[in-house]
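Contents: one structure, followed by commentary.
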Amino acid sequence: MRFPIPALALLAGIASPAAAELSAPEQVMMTTVEGGFERDAEFLTRIASVNSGTLNFDGVKQVAEMVAPEFEALGFTTEWIDQSAAGRAGHLFARHEGKAGTTRMLLIAHLDTVFEQDSPFQSVTREGNILTGPGVEDDKGGIVVILAALRAMKAAGTLDDANIVVAMTGDEESAGNPIATARADLVAAAKQADVALDFESLNIEDGVDMGSIARRSSNSWTVTATGKEGHSSQIFTDGAGFGAIYELARILDTFRRELREEDLTYNVGLIAGGARASVTDNNSAARANGKSNIIAPVAVANGDLRTLTPEQTDRVVAKMQAIVADHLPGTGATIEFDFRYPPMGPTDGNRALLDRLNAINADMGLPEMPILPPAKRGAGDINFVASHVDGLIGFGPSGSGSHAPGETVDLTTITRQAQRAAIMMSRLAEDVYCRPED
């Protein structure tokens, strides 16, 4: 069944006083995106109908094989980058060479979803302009926005001069190991780019589209406390000490009381202690045994750590290490960190890109996009490139229920986002980009 293009989307392409600053090519982009509404919806339905859970390697590659010809038809060269060395399927990169000396753009999206083959959520359904299915918002909808924007640029004649690399990772939802290997190609592309645009979902707050210039890190920590095993009747004595569980409790409660600061969170997700205690290699399960009359010799806790800047990471890590080192009598403790996703801080360069986008919003007759608090987004692939390029987050469509059965996308937001992206990339392609000093 085919559905009509929304009336609001049609009206958006009509020249009006609010959109008077759009050039003739930009008007072409607006109407081209609108005209591709059903094509985009149908393609999203097709790729979302293929399971591409991160660990379904065949499914991830199948989606890449469906997507690659769409880029090739626009004059891009595509490359499948095998990631078996990192325990994952691979990445799809698409490259377009334009005019030398102009802004080099890196577009970031991902092929995989959180829904593995054993998930009960597999089918795609549509009611009006709401599409429900695995990954329709996160992040297959983002890939569709990229394609819609590039087709619009092609129609308007602005794609020819554009220097663009599209990096579609196959393991964004669960990055491979070692992570340096899993993200080596993305980082290498960023080092050759001036600007990174992230095509994960648009955040809408109280009906207002939000601009996103920062994402916090996503790292983890493990505290292992030790004590002297013995009879419980001797606890707190000089000979027996306090035991591992009290030491771990002291550490965690001190974290709670002393680490709090803006933009920082540090969750405790797993804890175990007793006569014997251990956690799995991926920190997803724990095993412990003991008795109430035995002083526990071991206790383990695992949690995450999310920071906004490298400086905040260094400061908080040092505080955590100092807290762990201050032992109760008769105990010991160590802390280990697993640094995975670095932070993407709110730099002057990122703010300048949002200013550019808001100028486009004004020309399109759309409201200004306020800055989204970074705590309202999780970490993503753009985090890995933030130290190399200025970036903006959230050029994908908007929906609801991301990462849960029943995930939806509002198809009309594909139109709005593709129009923004096409104009943004076309204007960047006209410039020699200079990165602002932070």
Side-chain angles (χ1 to χ4, degrees), residues 76 79 81 83 86 88 90-96 102-112 138-139 142-143 145-146 149 162-201 211-219 306-313 339-354 356-357 372 374 377-396 421 424-425 428-429 431 433-438:
F76 284 71
E79 178 187 10
I81 303 172
Q83 284 291 299
R88 293 295 184 265
H91 311 316
L92 177 66
F93 276 40
R95 297 178 174 88
H96 185 277
T102 58
T103 304
R104 298 164 298 177
M105 292 169 269
L106 174 63
L107 316 185
I108 302 173
H110 61 91
L111 303 161
D112 64 319
D138 185 16
D139 184 39
I143 294 172
V145 170
I146 293 174
N163 291 292
I164 298 172
V165 175
V166 186
M168 291 160 281
T169 58
D171 62 343
E172 194 273 347
E173 301 295 1
S174 178
N177 281 306
I179 203 160
T181 299
R183 290 298 173 270
D185 297 283
L186 180 64
V187 172
K191 290 179 178 178
Q192 299 299 315
D194 301 305
V195 169
L197 305 180
D198 174 343
F199 282 79
E200 288 201 292
S201 58
S212 192
I213 63 172
R215 298 184 81 153
R216 295 188 301 164
S217 65
S218 180
N219 303 307
R306 297 177 185 266
T307 55
L308 187 57
T309 65
E311 294 76 18
Q312 186 177 47
T313 302
F339 297 105
R340 298 284 287 174
Y341 287 70
M344 175 185 177
T347 65
D348 288 344
N350 299 351
R351 292 186 186 93
L353 283 175
L354 181 58
R356 283 180 176 238
L357 183 58
L372 178 77
R377 291 203 80 109
D381 278 338
I382 197 170
N383 290 57
F384 292 100
V385 308
S387 62
H388 304 291
V389 290
D390 296 328
L392 273 183
I393 306 155
F395 273 93
M424 180 79 166
M425 288 189 284
L428 285 170
D431 296 342
Y433 187 81
C434 295
R435 190 174 191 184
E437 294 293 332
D438 294 321

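In this chain, residues are counted from 1 in sequence order.
Of the possible polar contacts, none joining the D381 side chain to the E172 backbone as a donor-acceptor pair under 3.5 Å is found. Distance alone, capped at 3.5 Å, is enough to place a donor-acceptor pair between the R215 side chain and the G378 backbone. Although no hydrogens or angles enter the test, the distance criterion places a donor-acceptor pair under 3.5 Å between the side chain of H91 and the main chain of A182. Under the 3.5 Å distance criterion, the side-chain polar atoms of R340 are matched with a main-chain donor or acceptor of A175. A donor-acceptor distance shorter than 3.5 angstrom exists from the side chain of N383 to the backbone of R216, with no hydrogens or angles considered.
Considering only heavy atoms from C-beta on, R88 stays 4.5 Å or farther from D112 through its side chain. Side-chain contact between Q83 and T169 is absent, with no heavy atoms from C-beta onward closer than 4.5 Å. By the 4.5 Å heavy-atom criterion applied to side chains, V165 and F93 are counted as neighbours. Residues M424 and L353 form a side-chain contact, since some pair of their non-hydrogen atoms from C-beta on lies under 4.5 Å apart. For the pair I393 and E200, the minimum side-chain heavy-atom distance is 4.5 Å or more. When side chains are defined from C-beta on, P346 counts as touching I213, because their heavy atoms get closer than 4.5 Å. Side-chain contact between D194 and L428: absent, with no pair of heavy atoms (C-beta onward) separated by less than 4.5 Å.
Contact detail for S217 and P343: the closest heavy-atom pair is CB-N, 3.5 Å. The nearest pair of heavy atoms linking A196 to V389 is CB-CG2, 3.6 Å. For L308 against A214, the heavy-atom pair with the smallest separation is CD1-CB, 3.8 Å.
Atom CD1 of I382 is separated from atom CG of N350 by 7.5 Å, given to the nearest 0.5 angstrom. Here H388 contributes atom NE2 and L106 contributes atom CG; the two are 11.0 Å apart, rounded to the nearest 0.5 Å. Expressed to the nearest 0.5 Å, how far CG of D139 lies from CZ of F199 amounts to 9.5 Å. Atom CG of D390 sits about 8.5 Å away from atom CE of M344, to the nearest 0.5 Å. Within the model, atoms CG of L357 and CZ of F395 stand 4.5 Å from one another, a figure rounded to the nearest 0.5 Å.
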Start with the C-alpha gap between L197 and M425, add the side-chain angles, then the distance that decides, and say whether side-chain contact (heavy atoms from CB on, under 4.5 Å) holds. CA-CA 9 Å; L197 305 180; M425 288 189 284; 4.0 Å; yes
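A search for side chain to side chain contact (heavy atoms under 4.5 Å, CB included) contacts involving V166 returns F71, F76, A94, L107, I146, I164, M168, not counting sequence neighbours. Residues satisfying the side chain to side chain contact (heavy atoms under 4.5 Å, CB included) criterion with D431, sequence neighbours excluded, are T103, R356. Applying the side-chain hydrogen bond (donor to acceptor under 3.5 Å, both in side chains) test to Q192 and every residue at least two apart in sequence or in another chain returns nothing.
Salt bridge D171/R183: present, at least one basic N to carboxylate O contact under 4.0 Å.
With 3.5 Å as the limit, one finds a donor-acceptor pair spanning the side chains of T102 and N163.
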